[in-house]
J.: 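I am attaching a structure below and will ask some questions about it afterwards.
When a ligand or atom number is given, it counts from 1 through the structure's own listing order.
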Amino acid sequence: MRMNIDYWNKSIETGDREVLEKTQLADLRKTVDQALKTDFYGKRLRTEGIESGEDIRSIADLHRIPYTTKQDLRDAYPYGLLAIPLSEVVRLHVSSGTTGIPTVIYHSQADLNSWTDLGARSVIATGAGKDDVFQNMMTYGLFTGGLGLHYGGERAGMLVIPASSGNTQRQIKLMHDFKTTVVHATPSYMLHLAARMQNDGVDPASLSLRKAFVGAEPHSENVRLKIEELFGIDVYNSYGLSEMNGPAVAFECVYKKGMHVWEDAYIMEVVDPETGEPVEDGQSGELVFTTLKREATPLLRYRTRDLSFVYDTECECGRKHRRIGRIKGRTDDMLIINGVNIYPSQIEEAIMRLPEIGNNYQIIVEKSGALDKLTVKTEVRKSIFSDDAREINALRKRAIENLKSSIIVTPIVEFHEPGILPVQEGKAKRVFDMRKEEQA
Ligand code: AMP
Ligand code: ZN
């Protein structure tokens, strides 16, 4: 299918890979020089015999550099990874994570400028642009979701409404009053918004909405389709993490077949999470990124713990930057239930295949004697509770069968009326592993 394609940095986006790789190498050398100025990399790189960026002769030499982990960032908190004088720093973002030990990323003005540019490039890739009204429903603050795409949206010429997250009634009013055409939110919030609109009798067709950028949490293709159908819009997957700035690391283009990783700004590797060895294109592995445009907090070979794969074909849009598939989960969110390895995304995929199943769900794992017990709580439309009991039993049976064929384990499936399961303002909390909480 031919689409109308617009580019922000056409030569960078569609230029030959040979040229791209040359600039990657030049920027990698600069980044190594920059990293050597930090306490953390100063020690680590010299131990490996790397004294200057000049010691990196090709991209393949990247392998001489050890991986950087989240724990390294925690250990280096607060200044161990800062490569420029504090007087040159203009912003920081702190992420507290689940363990509570924070990590920090600093930005110079030049860092923010290049991030803004990546943001503009990302939104333009989806076909959005200066005629759009962009309501940014990601949280503004230490979390990078809100501010992360705010400036890119402005640079692309959109009218940006910095709505931040929460206050659903106000969100709907803003969308209505200012004829919002594009939103940016977590997929779970989009589903919540749809349910709330249904409840309040607001017809999505009465709004001007055309597109949504969704990210910050794993979600299945079925959830994308569901949001597209509920609102009658196009939904684009957006990937980022605070260690690599935040949003605009990778974004879907109009073709919506995987996310282009902006490889002039990041070197991407995909590795086996156990061995750290590279995997082939198309194979699932852990994403590893190196920053190429960051002067305040350069990061080399950062292990994201996010699992994905690289498409081995070129995108029809003409961009040469490789695409990654939907994030399957994180290496640290795998559940082992009665010995079977299960990612929460497999559970979501299986239940969301059923159109009767609603917008919110929870996964609960508990001990039951010596065994593990898996319960999936999910919302279904209200009327089903007053229908013939056979209907609800048949739906439960189908949900269990779908789950069983995808995860092997037989779960208990509980149905709830819409609005019963809790909703989070930021990233959705779906998994409650009581086995861990019992130990803690
Ligand atoms: P944070 O650093 O708090 O912004 O969290 C970043 C993490 O959110 C990533 O490492 C991913 O685990 C997750 N994430 C971000 N975007 C997506 C996405 N589009 N799909 C799945 N997970 C995502
Ligand atoms: Zn494309």
J.: Is it the side chain (CB and beyond), the backbone, both or neither of Arg330 that lies under 4.0 Å from ligand 1, heavy atoms counted?
T.: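 The answer is the side chain of Arg330.
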
J.: Sort by chain and number the protein N/O/S atoms that are closer than 2.8 Å to the Zn ion (ligand 2), and list them.
T.: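 The answer, once waters are left aside, is Cys253 SG, His260 NE2, Cys315 SG, Cys317 SG.
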
J.: Do Tyr79 and Thr38 get their side chains close enough for a donor-acceptor pair, meaning under 3.5 Å?
T.: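 No, no side-chain donor-acceptor pair sits under 3.5 Å.
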
J.: Assess the side chains of Thr180 and Gln135: does a donor N or O sit below 3.5 Å from an acceptor N or O?
T.: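 Yes, because at least one side-chain N or O of Thr180 sits under 3.5 Å from a partner of the opposite role on Gln135.
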
J.: I'd like to check Asp117 versus Lys293 (side-chain heavy atoms, cut-off strictly below 4.5 Å). Are they in contact?
T.: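 No, every pair of side-chain atoms sits at 4.5 Å or beyond.
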
J.: Give the residue, atom name and distance (to 0.1 Å) of the protein heavy atom nearest atom 9 (C) of ligand 1.
T.: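 Answer, as residue, atom name and distance: Asp306 OD2, 3.2 Å.
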
J.: Show me which atoms of ligand 1 lie under 4.0 Å from any heavy atom of Asn237.
T.: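 Selected atoms, number and element: 18 (C), 19 (N).
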
J.: For ligand 1, which atoms sit closer than 4.0 Å to a heavy atom of Gly240?
T.: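 Those of ligand 1 that fall under 4.0 Å from Gly240 are 6 (C), 9 (C), 15 (C), 16 (N).
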
J.: In terms of residue, atom name and distance, what is the protein heavy atom nearest to atom 2 (O) of ligand 1?
T.: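 So the nearest neighbour among protein heavy atoms is Ser242 OG, 2.7 Å.
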
J.: Using a 4.0 Å heavy-atom cut-off, which part of Ile327 comes near ligand 1: side chain, backbone, both, or neither?
T.: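 Side chain only.
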
J.: N/O to N/O below 3.5 Å, does that happen between Ala216 and ligand 1?
T.: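 There is such a contact, yes.
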
J.: Any side-chain donor paired with an acceptor under 3.5 Å for Asp306 and Tyr239?
T.: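 The answer is yes; a qualifying pair exists.
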
J.: Less than 3.5 Å apart, any donor N or O on the side chain of Tyr302 or Glu243 sitting next to an acceptor on the other?
T.: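 There is such a pair between these side chains.
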
J.: Between the side chains of Arg301 and His63, is a donor N or O closer than 3.5 angstrom to an acceptor N or O?
T.: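 A pair is found: one side chain offers a donor N or O, the other an acceptor, under 3.5 Å apart.
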
J.: If only side-chain N and O atoms count, and only distance matters, is there a donor-acceptor pair under 3.5 Å linking His219 with Glu217?
T.: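 The criterion, which ignores hydrogens and geometry beyond distance, is not satisfied for His219 and Glu217.
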
J.: Using a 4.0 Å cut-off to any heavy atom of Gly215, which atoms of ligand 1 qualify?
T.: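 Taking each heavy atom of Gly215 in turn, ligand 1 has 19 (N) under 4.0 Å.
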
J.: Should you measure from each heavy atom of Phe143, which atoms of ligand 1 turn up under 4.0 Å away?
T.: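 Numbered from 1, ligand 1 contributes 4 (O).
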
J.: Both conditions, 6.0 Å and 45 degrees, for the charged tip of Lys429 above the ring of Phe432: are they met here?
T.: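 Cation-pi check for Lys429 and Phe432: passes.
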
J.: Quick one: does Ser238 get within less than 4.0 Å of ligand 1, heavy atoms only?
T.: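 Distance cut 4.0 Å: Ser238 passes for ligand 1.
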
J.: Going by atom types only, do Arg323 and Thr313 share a side-chain donor-acceptor pair under 3.5 Å?
T.: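 Thr313 and Arg323 do have a side-chain donor-acceptor pair below 3.5 Å.
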
J.: In this structure, does ligand 1 have an atom that sits under 4.0 Å from one of the heavy atoms of Pro218?
T.: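 Judged by the 4.0 Å heavy-atom criterion, Pro218 does count as contacting ligand 1.
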
J.: Say whether Ser108 and Glu88, considering side chains only, have a donor N or O and an acceptor N or O under 3.5 Å apart.
T.: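 No.
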
J.: For Asn113 and Thr116, does a side-chain donor sit closer than 3.5 Å to a side-chain acceptor?
T.: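 Looking only at side-chain atoms, Thr116 and Asn113 do not form any donor-acceptor pair under 3.5 Å.
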
J.: Quick check: does Lys427 get an N/O under 3.5 Å from an N/O on ligand 1?
T.: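 Yes; the residue has a nitrogen or oxygen that sits under 3.5 Å from a nitrogen or oxygen of the ligand.
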
J.: With the threshold set at under 4.0 angstrom, would you say Arg326 reaches ligand 1 through any of its heavy atoms?
T.: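 The answer is no: ligand 1 sits nowhere under 4.0 Å from a heavy atom of Arg326.
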
J.: Ignoring hydrogens and geometry beyond distance, is a side-chain donor-acceptor pair present between Trp262 and Ser122 at under 3.5 Å?
T.: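 Their side chains do contain a donor-acceptor pair, which is all the 3.5 Å distance test asks for.
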
J.: Do the side chains of Glu221 and Arg326 get close enough for a salt bridge, i.e. N-O under 4.0 angstrom?
T.: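 Looking at Arg326 together with Glu221, the answer is yes, because their closest N to O distance falls below 4.0 Å.
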
J.: What residue and atom, counting heavy atoms only, is the protein's closest point to atom 20 (N) of ligand 1, and at what distance?
T.: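 Sorting protein heavy atoms by distance from atom 20 (N) of ligand 1 puts Glu217 O, 3.3 Å first.
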
